[in-house]
Protein chains: 2
Amino acid sequence: MAYEQLKLDNQLCFRLYTAARLTMGAYHPYLDPLGITYPQYLVMLVLWEHEKQTVMDISHRLQLDTNTVTPLLQRMEKAGLIKRTKGKEDARQRIVTLTDKGLAMQEQAKHIPECLSAEILNHIGSIEELTKMIPTLDKLIEGLKQTNNEH
Amino acid sequence: MAYEQLKLDNQLCFRLYTAARLTMGAYHPYLDPLGITYPQYLVMLVLWEHEKQTVMDISHRLQLDTNTVTPLLQRMEKAGLIKRTKGKEDARQRIVTLTDKGLAMQEQAKHIPECLSAEILNHIGSIEELTKMIPTLDKLIEGLKQTNNEH
DNA sequence: ATAAAATATATCGTTTGCGATATAATTTTA
DNA sequence: TAAAATTATATCGCAAACGATATATTTTAT
């Protein structure tokens, strides 16, 4: 191995990639009973914060493009969690709203964040160490958004 | 919005998910010319460290299951980057080795890590702040590995 | 007012990621 | 040693991601 910088263990990005995947896996025991996936859970979080959002709103919030969000919403509509109606002022837009089922799911989901925290806390010393990463991750995300827009 | 803990902005996991995706996007300008994807780049990193590894070795190293790694390797074989041969002592195993093309790609790839660092540094104050996350991410990954194995 | 540009969403094709299951070879057990 | 369990890899099906492209609607420019 000639190049030290090419070693996997020196790569922050690989850690982010792995941590993100394993985190999604840790949600499985909590999301499976609700019948939703992690990205679908994210959409629910967005809609629980504000009812009535366009596809754009959601895709901006999740930093995902419409070509990812549209099929996601279509599956969620089929599952009876949301409704998608044509916009009235602007007919190009799709207005996404929660169904009763989707709204009711919030009650079942409200303990998930603390369950996850507790689960991780079992295997890690302090939750503070994790929350300390948040400002750095936010800066990284903002930086990457710009970087990716330039190319 | 009734539940504070369900707010997207309070979620570490969402940040990991987003940071990981955007990071992969930042690799695009460097990996596209090589004709490989980010997960394929990770396989290359593993193989540049040690020639001759089994599918298991690679999947352990990347924390991916064989049902992800096998098709990945099949595509890389088709692209002429690796060879996959039946194991001699244990015929169940597949031994993965680099082709000349795969080996040569290391030279073209050796600047990628510093390019990425520089790119991110353009938009973020200090690289130290990022490297400070590494031990925490490692702990998190180890913890999640255990958490996920229990379920 | 009409053509051109911009915008919002959708569709298509490919690669990943992963649960479930299958297949083949090796090891263990009875 | 033959059957059972284990191990290594592969296959299948579905949900994401995402680049590229298409469609429909609105806005802008001429």
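Lettering follows sequence order; numbering is per chain, from 1.
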Where each residue is assigned the nucleotide of DNA chain C containing its nearest heavy atom, which of A/Leu73 and A/Met24 is assigned the position nearer the 5′ end? A/Leu73
Distance, rounded to the nearest Å, where A/Arg94 contributes CZ and D/dT25 contributes P: 11 Å
Whole angstroms only, please: what is the CD-P distance between B/Glu89 and D/dT7? 18 Å
For the pair B/Lys52 and B/Asp57, find out whether any cationic side-chain nitrogen is under 4.0 Å from an anionic carboxylate oxygen. no
Give the ring-plane orientation class for B/Tyr41 versus B/Tyr27, where under 30° counts as parallel, over 60° as perpendicular and anything between as tilted. tilted
Of the nucleotides D/dA15, D/dG19, D/dT9, which one has an atom closest to the side chain of B/Met56? D/dT9
Sugar-phosphate, base or nothing in reach of B/Asn67, heavy atoms under 4.0 Å: base
I need the CG-C1' distance between B/Leu72 and D/dT9, as an integer number of Å. 14 Å
Nucleotide D/dT7, atom C1' - distance to CG of B/Asp57 in whole Å: 14 Å
Under 4.0 angstrom, heavy atoms only, what part of the nucleic acid is B/Arg75 near: base, sugar-phosphate, or nothing? base
Any donor-acceptor N/O pair under 3.5 Å between D/dT7 base and B/Arg92 side chain: yes
Without decimals, in angstroms, what is the distance between A/Lys88 NZ and D/dT25 C1'? 18 Å
Touch check for A/Thr68, heavy atoms < 4.0 angstrom, all strands: base, sugar-phosphate only, or nothing? base
Testing the basics here: between A/Gln11 and A/Lys7, what is the closest heavy-atom pair and its distance to 0.1 Å? CG-O, 3.3 Å
Counting the atoms with a prime plus P, OP1 and OP2 as sugar-phosphate, which does B/Gln63 contact under 4.0 Å by heavy atoms, base, sugar-phosphate, or nothing? nothing
Flag, side chain of B/Tyr38 to backbone of B/His28, donor-acceptor distance under 3.5 Å: no
Starting from P on D/dT11, measure out to CG on B/Asp65 and report it in whole angstrom. 15 Å
For D/dA17, take OP1 and OP2 only and decide whether either is under 4.0 Å from a side-chain N or O of B/Tyr38. no
Does D/dT11 have its OP1 or OP2 closer than 4.0 Å to a side-chain nitrogen or oxygen of B/Thr70? no
Students should find that the nucleotides of DNA chain C closing off the region near chain B, any atom under 4.0 angstrom from a heavy atom, are C/dT15 to C/dT26
Report yes if a side-chain nitrogen or oxygen of A/Gln74 is closer than 4.0 Å to either non-bridging phosphate oxygen (OP1 or OP2) of D/dA15; otherwise report no. no
So does A/Arg15 get a backbone contact from the side chain of A/Thr18, meaning a donor-acceptor N/O pair under 3.5 Å? no
Less than 4.0 angstrom from a charged side-chain N to a carboxylate O is my criterion; do B/Lys145 and B/Glu142 meet it? yes
Answer whether the closest heavy-atom distance between the side chains of B/Glu49 and B/Arg61 falls below 4.5 Å. yes
d(CG, B/Leu22; P, D/dG19) in whole Å: 11 Å
Ion pair check, B/Asp90 and B/Arg92, cut-off under 4.0 Å: yes
Send over the distance from B/Gln93 CD to D/dT6 P, rounded to a whole Å. 19 Å
